[in-house]
Amino acid sequence: PIPTADDDQDPVIVTSLDGPSWMVLEDDSIHGQPSETEVGTWAVTITLSDSMDIVSEQIVVSVENRPPNISPIADQELWIGKALEIDIEIQNCQTCDIAVSGLPNPAISDNKIIWPGQEIGRWNTTIVATDALGEQDSATFTIDVVDRPAIVIDEVLADPPNGISGDVNGDGARSSFGDEFIEIVN
């Protein structure tokens with residue numbers, strides 16, 4: 001509540017508020033949420049009344065811009081051809097312009113970078129968020145696009161030899177199905 005005092009000890013009521021449209025008077029309290037374009041100094045007139053007098057007081061309210069703040073983004077690694085989606089978390093920005101550099105043809109939608117990852121390489125990527133007043137923040141991270149690992153087959157045993165030499169899994173019995181194997185180099 002707005003602090004008030006009266007020499008006669010009469011109840012004091014806040015009767016009106018003259019200020020910016022985003023500022024409201026409710027239950028003897030002033031509150032509001034300015035947009036990011038309403039930065040500056042605002043003169044506000046508060047009118048108070050008791051049973052005998054009406055008094056107006058002027059106060060000055062300063063609204064400062066808080067620049068955008070991008071949360072850090074971890075480095076990324078993906079296989080070629082795998083789409084990448086990264087959520088961009090930005091504080092203090094209702095309507096930021098978002099730009100991405102260092103990455104070929106990214107799409108930006110709803111504070112999300114979407115990129116198809118079609119080229120092998122290392123991409124040093126920077127995101128810049130700019131608010132309505134030109135204040136900026138940036139975040140830099142690396143995207144490594146790597147080729148899918150090649151599968152190397154080292155050995156294939158499709159028809160185990162007869163007798164105990166065909167017991168390649170060491171279970172004491174030769175089996176035409178249980179002793180077949182494909183060895184992959186990892």
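Residues: numbered from 1 along the sequence shown. Since this is a predicted model, take the numbers as computed values, not measurements.
- Residues I114 and I98 are members of separate hydrophobic clusters, defined by side-chain heavy-atom contacts under 4.5 angstrom among Ile, Leu, Val, Met, Phe, Trp and Tyr.
- Residues forming a side chain to side chain donor-acceptor pair (under 3.5 Å) with D167 (at least two apart in sequence, or on another chain): none.
- A ring-ring contact (aromatic ring centres under 6.0 Å, His included) check over residues 61-82, counting only residues at least two apart or in different chains, returns nothing.
- Residue I164 belongs to no hydrophobic cluster, having no ILVMFWY side-chain heavy atom closer than 4.5 Å to its own.
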Pairs under 3.5 angstrom only: tabulate donor-acceptor contacts from the side chains of residues 127-140 to other protein residues two or more places apart or in another chain.
residue, atom, partner, partner atom, Å
T130, OG1, Q136, NE2, 3.1
D131, OD1, L133, N, 3.0
D131, OD1, G134, N, 3.1
D131, OD1, E135, N, 2.9
D131, OD2, N65, ND2, 2.9
D137, OD2, I70, N, 2.6
T140, OG1, T126, OG1, 3.2

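- Side-chain atoms of D87 and K112, non-hydrogen and from C-beta on, do get closer than 4.5 Å to each other.
- The distance from atom CD of Q118 to atom CD1 of I80, rounded to the nearest 0.5 Å, is 6.5 Å.
- D18 meets the side chain to side chain donor-acceptor pair (under 3.5 Å) test with no other residue; sequence neighbours excluded.
- For Q58, the CD atom is densely surrounded, since the number of other residues' heavy atoms within 6.0 Å is greater than 12.
- Remark: E155 engages no residue in a salt bridge (charged side-chain N to carboxylate O under 4.0 Å, His left out) (not counting sequence neighbours).
- For the pair D144/D75, no side-chain contact is recorded, criterion being any heavy-atom separation below 4.5 Å from C-beta on.
- With side-chain heavy atoms closer than 4.5 Å counting as contact, directly or through intermediates, M52 stands alone and belongs to no larger hydrophobic cluster.
- No continuous path of ILVMFWY side-chain contacts below 4.5 Å connects V60 to V63, so the two sit in separate hydrophobic clusters.
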request  = Kindly indicate, with the supporting measurements, whether the criterion side-chain contact (heavy atoms from CB on, under 4.5 Å) is fulfilled by L103 and I113.
outcome  = CA-CA 10 Å; L103 195 61; I113 298 173; 4.3 Å; yes
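- The side chain to side chain donor-acceptor pair (under 3.5 Å) search around S35 returns T37, E38, not counting sequence neighbours.
- Counting only distance, with no hydrogens or angles, the side chain of T47 and the backbone of T15 share no donor-acceptor pair below 3.5 Å.
- Distance check: C96 SG to N69 CG gives 10.5 Å after rounding to the nearest 0.5 Å.
- Here the closest heavy-atom approach between residue P161 and residue S165 is recorded as CB-OG, 3.8 Å.
- Pairs of residues two or more places apart, or lying in two chains, that qualify as ring-ring contact (aromatic ring centres under 6.0 Å, His included) and include a residue from residues 103-148 are W115-W123.
- For Q91, the side chain to side chain donor-acceptor pair (under 3.5 Å) partners at least two apart in sequence or on another chain are S71.
- Looking only at side-chain heavy atoms (C-beta outward), K82 and L84 stay at 4.5 Å or farther from each other.
- Checked against side chain to side chain contact (heavy atoms under 4.5 Å, CB included), P20 has the following partners two or more places apart in sequence or in another chain: W22, M23, W42, V44.
- Looking at heavy atoms from C-beta onward, V24 lies in side-chain contact with H31 at the 4.5 angstrom threshold.
- In this structure D147 satisfies the salt bridge (charged side-chain N to carboxylate O under 4.0 Å, His left out) test with no other residue, sequence neighbours excluded.
- Around CG of D110, the count of heavy atoms belonging to other residues, nucleotides or ligands within 6.0 Å does not exceed 12.
- Under a cut-off of 6.0 angstrom, the local environment of CG in D154 is crowded, with over 12 non-hydrogen atoms contributed by other residues, nucleotides or ligands.
- In this structure a side-chain-to-backbone donor-acceptor pair under 3.5 Å is present from D179 to N169.
- Under the 4.5 Å side-chain criterion, counting only non-hydrogen atoms from C-beta, I30 is not in contact with V14.
- A side-chain donor-acceptor contact under 3.5 Å links Q76 to the backbone of A74.
- Judged by distance alone, with hydrogens and angles left aside, the side-chain atoms of R174 form a donor-acceptor pair with the main-chain N or O of P160 at under 3.5 Å.
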